[in-house]
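Sequence lines set the chain letters: A, B, ... in the order given, protein chains first and strands last, and positions in each chain run from 1.
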Number of protein chains: 2
Amino acid sequence: MRIGELAKATGIDVETLRYYERVGLVQRPARQANGYRAYGQDAIERANFIRHCRTLDMGLGDIKRLLDFTSKPDADCFDVNHLLDEHLVRVRAKLKSLRTLEKQLARLRTQCDAGHRAADCGILQDLVAAAHGEACACHPSDGNSSLSKRKARE
Amino acid sequence: MRIGELAKATGIDVETLRYYERVGLVQRPARQANGYRAYGQDAIERANFIRHCRTLDMGLGDIKRLLDFTSKPDADCFDVNHLLDEHLVRVRAKLKSLRTLEKQLARLRTQCDAGHRAADCGILQDLVAAAHGEACACHPSDGNSSLSKRKARE
DNA sequence: GCTTGACCCTGAAGTCGCTAGAGGGTTTAT
DNA sequence: ATAAACCCTCTAGCGACTTCAGGGTCAAGC
Ligand SMILES: [Zn+2]
Ligand SMILES: [Zn+2]
Ligand SMILES: [Zn+2]
Ligand SMILES: [Zn+2]
């Protein structure tokens with residue numbers, strides 16, 4: 001099987017497959033006499049595994065670790081659970097912040113409905129006022145910089 | 001005001017401020033005799049505006065456009081509304097996909113609770129089965145590659 | 001006077017997960 | 001024979017930073 005066929009079979013772009021090979025996610029396949037990559041059927045399995053994990057938004061490093069587990073049947077799967085737990089934490093944190101964000105943006109959007117002068121635009125006024133520190137949680141405005149420190153630790 | 005003070009006043013990292021200057025988001029400040037950047041009070045306003053918009057997850061290009069509006073009071077604010085609408089669409093799309101993702105991951109996590117052999121791990125088995133094409137929507141498994149084409153158009 | 005440490009400077013490279021381009025070679029169909 | 005469709009490598013670009021290397025500047029304490 002050539003790379004284009006593997007791409008069609010898995011829905012992964014040819015360039016992406018070559019990229020996965022470069023970073024070690026996909027093993028280097030044998031080559032034909034002309035230098036073309038020659039994949040076996042197992043490459044479809046592996047590529048589909050990667051694709052599925054990517055749709056679950058896992059990082060390539062995590063996917064590599066999971067792939068390694070599939071070839072070590074006697075290993076303890078604790079790390080698999082842990083990896084998934086951490087990923088869930090990340091996803092839930094992002095979900096939470098996106099929900100807040102959506103509310104903020106929806107409210108902001110109501111501040112202007114028709115076209116008028118920029119000076120009278122409720123949205124711009126709202127943004128400027130927030131930057132000024134009025135009723136806004138995003139910048140500390142007191143002396144401490146806990147927010148940036150927290151971000152740095154994440 | 002030196003860059004470290006501006007950083008502390010706004011909660012934006014020093015390196016990030018220099019990066020914003022490089023990409024034209026923050027105007028180049030005057031310099032002291034020793035080459036240090038010397039900011040005025042207005043720099044705090046502008047930097048806080050940027051920070052606030054970043055917590056609303058706007059791109060630097062959008063923020064620049066908004067900043068430009070704040071100095072053009074007579075412009076029509078239509079583009080401001082439009083920019084916000086597009087951003088809301090993006091945020092809501094991401095929110096929707098994250099909600100689906102969270103459900104999938106939460107279900108997957110239930111497949112294994114205690115440590116055992118990787119070969120018996122319900123999570124790994126689930127992932128392999130999904131990659132195999134069982135009850136999984138992420139890869140087409142039929143002949144067409146509509147999914148990848150759709151993605152390319154987006 | 002001299003070192004220590006906290007600042008500041010520039011420019012370049014690394015991060016992640018691709019994506020696109022340049023500049024070729026090979027195969028297949030007409 | 002020629003064109004389209006495929007394949008190859010190597011390189012650079014995206015966004016929004018972060019980090020590193022290799023310096024310069026300045027106040028305080030000994
Ligand atoms: Zn799948
Ligand atoms: Zn408006
Ligand atoms: Zn704010
Ligand atoms: Zn398990």
Salt-bridge criterion met for Lys94(A) and Asp57(A) (N-O under 4.0 Å) | no

Integer-rounded Å distance: dG17(C) P and Arg51(A) CZ | 16 Å

Leu17(B) CG - dA16(D) P separation (whole Å) | 16 Å

Footprint string (nucleotides 6-12 of chain C, 5' to 3'): B base within contact, S backbone only, - free, heavy atoms under 4.0 Å | -BSSB--

With side chains defined as the heavy atoms from C-beta onward, is the minimum distance between Leu84(A) and Leu88(A) less than 4.5 Å?
-> no

Given dA16(D), is OP1 or OP2 found less than 4.0 Å from the side-chain N or O atoms of Thr16(B)?
-> no

Starting at atom CD of Gln32(B), determine the distance to atom P of dA27(D), rounded to an integer number of angstrom.
-> 10 Å

Tyr19(B) side chain near dG15(D) phosphate (N/O to OP1/OP2, under 4.0 Å) | no

Any donor and acceptor pair, going by atom type alone, linking the side chain of His87(A) with main-chain N or O of Asp62(A) inside 3.5 Å?
-> no

Between C1' of dC8(D) and OH of Tyr39(A), the distance in whole Å | 12 Å

Separation of atom CE in Met58(B) from atom P in dG15(D), rounded to whole Å | 17 Å

Any ion pair linking Arg65(A) and Asp68(A) (charged N to carboxylate O, less than 4.0 Å)?
-> no

Is any side-chain N of the basic residue among Arg18(A) and Glu15(A) closer than 4.0 Å to the acidic one's carboxylate O?
-> yes

Arg54(B) CZ to dG15(D) P: how many Å, rounded?
-> 12 Å

